[in-house]
Number of protein chains: 2
Amino acid sequence: MTNTYDINEFKNPLFTVDSVLFTVKDDALKVLMVKRANEPFIGSWGLPGGFVDIDSDTTTDVTALRKLEEKTSVAPQYLEQLQAFSGIDRDPRGFSVTLVYFALIAAQEVSSHIETIDDVQWIDIDKIDSLSIAFDHKIIIEQAKERLQQKALYSMVPVYCLPEYFTVGQLKSVIETIIGKTIQRKSLIRRIESADMFETIDEKVKSGGRLAQQYKVKSGVDIVNFERNLSS
Amino acid sequence: MTNTYDINEFKNPLFTVDSVLFTVKDDALKVLMVKRANEPFIGSWGLPGGFVDIDSDTTTDVTALRKLEEKTSVAPQYLEQLQAFSGIDRDPRGFSVTLVYFALIAAQEVSSHIETIDDVQWIDIDKIDSLSIAFDHKIIIEQAKERLQQKALYSMVPVYCLPEYFTVGQLKSVIETIIGKTIQRKSLIRRIESADMFETIDEKVKSGGRLAQQYKVKSGVDIVNFERNLSS
DNA sequence: TTAATATTGTGTCGCTGTGACACATTTGTA
DNA sequence: TACAAATGTGTCACAGCGACACAATATTAA
């Protein structure tokens, strides 16, 4: 006997990594859901995720990205940790912990790939309630949505639901879809100009009316947090 | 062979729960640190925490509370998840994940108990840098501090560093210690009155000058988030 | 060619909440 | 009795968002 720690003294909980990948498509907030191929909850819709591969994943961030890329074939434009969900009851196999990530992507980046597969699908967030969802994923999605809505009020995260080049009108529309309220175009422009996070593109684009100024996110900048929330 | 999932297909990462318990004492922000009695990092200071007891802990919240109570003999007044930290390198025993909680308590609640033990100690947050700290706990503490500072700007969480009854002056002092800046007494009073989160106590208390109004948190209320940050 | 419509972009006023600061109030102390 | 120290109140300025009018520019229909 030594003073080294016995690694098997405690049974480890079941540990998984899941992601809530959002996008805005057809003026609705959507979540990427996967039809489960394994027990438990086989056949139900669940969040994309799985076990850490401790031989190749250097962090759980890598696990989340890997699992998302398996389903979408691309990396999300934004990824951050949401929260861990744990409990003795949430998985029939025993005490389990799932570390949940919260991700954003432009619909165009994945749509072509998704449409060829029928076990991966964008599901309208308002339709989640009426579906049979695996584990506690319904609650998880709800929490992720609330976090996204909060962030949309004081930051520019919603740009990551848009392609590289975007217009004020597109960003306004995405934000409004996320928070479920209309916002003032003027307020959004003020934020875009003060954030020092975007650069203007010379070439303008048609949009049903006057040509629209295009923007892109400056490379290497962090998300700016504003000191006030939008309200309306 | 069946279609049931083989629970041993993947090796599970090492999973622990740690907490960053803050308090404000002697006009300084302090963190509860524990002198490690086991390998690895035996003898170094580390965060209070440990493994989940999957036979008795119903969630990881319970694990965090249990571990904190082992060290302080009381439950913290505020507890929320901070973030999970993971990696192949952060623990010499292999890939590990620690789910970190962020907690607050009034110094008075624990001081008497702490002072009788020499392997548990309040450490000034500014002195952490110059100490030898286990694992990546130095980084974790830094992140927890940043979160606390942010929250102090738009919420009333700092009250959980105070005893049940407190004055505006005490709350002002605690907030200023946390964020490292002075704030306007007037702004704080406006927030206290508009938050509808506190009730006034009839009995006033002496404070070196005029008698001070006492407040307490209304029972059963949630933390209020304001729509603006304090700045100054 | 002209008018109607749609969308983008700008100018401006009001509102709210914070910062700043003066001043009154109340207690302890020299 | 005067002064210091802290609490509590009143008020003005400022920043940023909401609201809205209006100008600018492109498309479409008469």
Side-chain angles (χ1 to χ4, degrees), chain A residues 27 149-156 158 162 165-177 179-215 224-232, chain B residues 27 149-156 158 162 165-177 179-215 224-232:
Chain A
D27 285 320
Q149 289 178 329
Q150 276 305 309
K151 289 221 162 197
L153 295 178
Y154 64 81
S155 84
M156 285 296 186
L162 289 171
Y165 292 176
F166 61 90
T167 66
V168 175
Q170 289 172 330
L171 181 53
K172 175 169 182 284
S173 170
V174 164
I175 294 174
E176 289 176 341
T177 301
I179 67 177
K181 294 179 189 170
T182 58
I183 62 170
Q184 293 288 323
R185 166 187 227 67
K186 182 72 179 179
S187 298
L188 182 55
I189 292 174
R190 279 189 289 237
R191 286 191 161 196
I192 289 174
E193 287 173 352
S194 71
D196 191 36
M197 197 183 147
F198 307 103
E199 51 191 83
T200 57
I201 307 299
D202 285 341
E203 180 194 357
K204 304 201 175 188
V205 73
K206 55 186 171 182
S207 61
R210 177 174 167 176
L211 294 186
Q213 174 68 54
Q214 282 186 298
Y215 295 86
V224 174
N225 290 326
F226 300 97
E227 293 203 338
R228 298 195 194 178
N229 283 1
L230 297 175
S231 46
S232 150
Chain B
D27 285 320
Q149 289 179 330
Q150 276 305 308
K151 288 220 163 197
L153 295 178
Y154 64 82
S155 84
M156 285 295 186
L162 289 171
Y165 293 176
F166 61 91
T167 67
V168 175
Q170 289 173 330
L171 181 53
K172 175 168 182 284
S173 170
V174 164
I175 294 174
E176 289 175 340
T177 301
I179 66 176
K181 294 178 189 171
T182 58
I183 62 170
Q184 293 288 323
R185 168 187 227 66
K186 182 71 179 179
S187 298
L188 183 55
I189 292 174
R190 280 189 290 236
R191 287 189 161 196
I192 289 174
E193 287 173 351
S194 71
D196 191 38
M197 199 185 144
F198 307 103
E199 51 191 83
T200 57
I201 307 299
D202 285 341
E203 180 193 357
K204 304 202 175 188
V205 74
K206 56 185 170 184
S207 61
R210 177 174 168 176
L211 294 186
Q213 173 68 53
Q214 282 186 300
Y215 296 87
V224 174
N225 290 327
F226 300 97
E227 293 203 337
R228 299 193 193 180
N229 282 2
L230 298 175
S231 47
S232 156

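In the text below, chain A, chain B and the rest are named by the order of the sequence lines, each starting its count at 1.
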Just call it for A/Gln213: base, sugar-phosphate, or nothing, with non-hydrogen atoms closer than 4.0 Å on any strand.
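Contact class for A/Gln213: sugar-phosphate only.
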Heavy-atom check, side chain of A/Glu176 versus side chain of A/Asp27, under 4.5 Å:
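SC-SC contact between A/Glu176 and A/Asp27 ruled out.
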Are any non-hydrogen side-chain atoms of A/Lys186 and A/Val168 less than 4.5 angstrom apart?
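No, side chains not in contact.
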How many Å lie between [atom1] on [X] and [atom2] on [N], as a whole number?
X: B/Glu203; N: C/dT27; atom1: CD; atom2: C1'; answer: 16 Å
X: A/Gln184; N: D/dC20; atom1: CD; atom2: C1'; answer: 8 Å
X: A/Asn229; N: C/dT16; atom1: CG; atom2: C1'; answer: 14 Å
X: A/Leu171; N: C/dT8; atom1: CG; atom2: P; answer: 12 Å
X: B/Lys206; N: D/dA5; atom1: NZ; atom2: C1'; answer: 15 Å
X: B/Ile183; N: D/dT7; atom1: CD1; atom2: P; answer: 12 Å
X: A/Leu230; N: D/dA15; atom1: CG; atom2: C1'; answer: 15 Å
X: A/Ile189; N: C/dT7; atom1: CD1; atom2: P; answer: 15 Å

Say you draw a straight line from NZ of B/Lys151 to CD1 of B/Ile179; how long is it, rounded to the nearest 0.5 Å?
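Nearest 0.5 Å value for the NZ-CD1 distance: 15.5 Å.
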Is any N or O donor-acceptor pair between the side chain of [X] and the base of [N] shorter than 3.5 Å?
X: B/Arg228; N: C/dT18; value: no
X: A/Arg210; N: D/dT25; value: no
X: B/Lys186; N: D/dG8; value: no

Is there a side-chain polar atom (N or O) of [X] under 4.0 Å from OP1 or OP2 of [N]?
X: A/Ser187; N: D/dG18; answer: yes
X: A/Arg191; N: D/dG16; answer: no
X: B/Ser231; N: C/dT18; answer: no

Start at the 5' end of DNA chain D and walk down; is the nucleotide closest to A/Gly208 or to A/Phe226 reached first?
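Going by which nucleotide is closer to the 5' end, it is A/Phe226.
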Is a donor on one side and an acceptor on the other found under 3.5 Å between the side chain of A/Gln213 and the backbone of A/Ile201?
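Pair found, side chain donor or acceptor close to backbone of A/Ile201.
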Using modelled atom types only, decide if a donor and an acceptor are shared between the side chain of B/Ser173 and the backbone of B/Gly169 within a distance under 3.5 Å.
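Looks like no, no N/O pair under 3.5 Å.
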